[in-house]
2 protein chains.
Amino acid sequence: MRPKNLEKEEAIRTIALQIIAEEGLENLSMQKLAKAANISPRTIYIKYENKEDLLIKLFVDEVLGAYEKAILEKFDPDMDFAEGVKRLWTNAFRYFKNNRHAFALMQYGKSSPLLHKAYQERDIKEGDYFAPIHRFLERNAKAGVIKKLPQEAYRAILFSPAFDLINEYFEFQDRPKQVITDKVFSDCCEAVIKGLLK
Amino acid sequence: MRPKNLEKEEAIRTIALQIIAEEGLENLSMQKLAKAANISPRTIYIKYENKEDLLIKLFVDEVLGAYEKAILEKFDPDMDFAEGVKRLWTNAFRYFKNNRHAFALMQYGKSSPLLHKAYQERDIKEGDYFAPIHRFLERNAKAGVIKKLPQEAYRAILFSPAFDLINEYFEFQDRPKQVITDKVFSDCCEAVIKGLLK
DNA sequence: TTCATAAGTAAACAAACATTTACTTACTTT
DNA sequence: AAAGTAAGTAAATGTTTGTTTACTTATGAA
């Protein structure tokens, strides 16, 4: 039996992300993707059931999975609170700086119902990537280091500003110069930390 | 001359927002919209140049414009810092609670390149709705009440958590009960305020 | 009351869409 | 070396897309 060409599978994923980042999810078509990847449309259907399947796998494996792995690098639930949060922020910033196209699809996770649903279902099923962070926050809350809030609230306060800053970081095309420097990013991180401390 | 039927124009906008919220921007078609609004496809083209024009006007006028007006209600740049931020948060929460479909399109403003571009251009051209908030922050920074950060950083820290919480607020379909109560929302607001104070 | 005119409609347009059919190619196993 | 098989292709499928054409309707001005 002829083996699958893994390069082609990777090309599909890479170029799909590129089209989504540059033209938007609503402008990705199977034929455009096939042409850009220099393959036949049929080849996509060997690797993915249909368009929905491709998008969900792209989002869950290539974007969410890689991101979650990246932000937990060198992170330990037993870290000091400020240190732990700084590590998560640094990891996220570094990862997306190097994966701009992944960031674009990530943003669709909050808007597109299809991806949003996949995001929620993954969180429930997959044992929750958030678990180490959950433990980290729980421990610090119990120890009286930080305010007691629902997990959803911690997530909103701790991570959404980082995403917004990364979004701004990518926006410096039309600006005279980069506003979101490492310094600004870490200043913001400290402000967020301070806000949660008791 | 026969006058435009404003009810039809409103139906187009309302139902377009509804489809986007329920099925996603990528599943909104002109014919689906026309059928749902009980009009001919041609009628949409009397009121809007094309699909892009419709989407941008929907986003800018119906969503961004209404939101900006709503959050500045009873806000004054000379307010005390904590009081001002609380007012902005309360206004945003109230507005989106009452306009769930607008919130859905708002979320696409960060992902869809078309809307994202419209968002940026509006900010530059339109005299900037953010101006009163800009002055508010500038004054408090100069007075030494809060840390000095770029405007983009203030935006990220101050507003993105509110959006995330509102998003969570709408998610309680599959949950036993509402997690994001008024209490949690205002606790988060206070944490964000504390983080920025010097 | 008539008439000019833009609003509105139903039906159609080519182009683009997701997906499939019929076929060829390349590699593993025997 | 031959055969079996899944990977891969080119071209076509029927459907849906955004938009337009040709026509009808309703209304304010004369």
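By convention in this document, chain letters (A, B, ...) are assigned in the order of the sequence lines, proteins followed by strands, and residues within each chain are numbered from 1.
B:E138 places a side-chain heavy atom less than 4.5 Å from the side chain of B:K142.
We find that CD1 of A:I46 is positioned 14 Å from C1' of C:dA22, with the value rounded to whole Å. As a whole-Å value, the separation of A:I44 CD1 from C:dC17 P is 12 Å. In this structure, the CD1 atom of B:I39 is 19 Å from the P atom of D:dT25, given to the nearest Å. One atom, CD of B:E49, and another, P of D:dT19, lie 10 Å apart when rounded to the nearest Å. A straight line from OH of A:Y45 to P of D:dT13 spans 17 Å, rounded to a whole angstrom. In this structure, A:E7 places its CD atom 12 Å from P of C:dC27, rounding to the nearest Å. Straight-line distance from the CG atom of A:N50 to the P atom of D:dT15: 18 Å, rounded to whole Å. For the pair A:Y48 OH and C:dT19 C1', the computed distance is 17 Å after rounding to whole Å.
With DNA chain D read from its 5' end, the first of the two nearest nucleotides for A:T43 and A:Q31 is the one closest to A:T43. Across the interface with DNA chain C, nearest-nucleotide mapping of A:S40 and A:K32 shows A:K32 to be the residue nearer the 5′ end. For the pair A:R42 and A:M30, nearest-nucleotide mapping onto DNA chain C gives the more 5' position to A:M30.
Side-chain atoms of A:S29 stay outside donor-acceptor range of the base of C:dA16, with no qualifying N/O pair under 3.5 Å.
The closest donor-acceptor contact from the side chain of A:E62 to the backbone of A:K57 lies at 3.5 Å or more, if one exists at all.
Closest approach to the B:K51 side chain among C:dT9, C:dA11, D:dG18 is made by D:dG18 (side chain taken as heavy atoms from C-beta onward).
Look at A:K8 and you'll find a side-chain N or O under 4.0 angstrom from OP1 or OP2 of D:dT9.
No engagement by B:L54 is indicated, since no non-hydrogen atom pair under 4.0 Å with the nucleic acid exists. Within 4.0 Å (heavy atoms only), A:K47 reaches sugar-phosphate atoms of the nucleic acid but no base atom. At a threshold of 4.0 angstrom between heavy atoms, the contacts of A:L28 are confined to the sugar-phosphate backbone, with no base atom among them.
Looking at A:R139 and A:D78, a side-chain N of the basic residue comes within less than 4.0 Å of a carboxylate O on the acidic one, giving a salt bridge. Using a 4.0 Å cut-off between charged nitrogen and carboxylate oxygen, B:K110 and A:D164 count as a salt-bridge pair.
Between the side chains of B:E26 and B:Y108, at least one donor-acceptor pair of N or O atoms lies under 3.5 Å.
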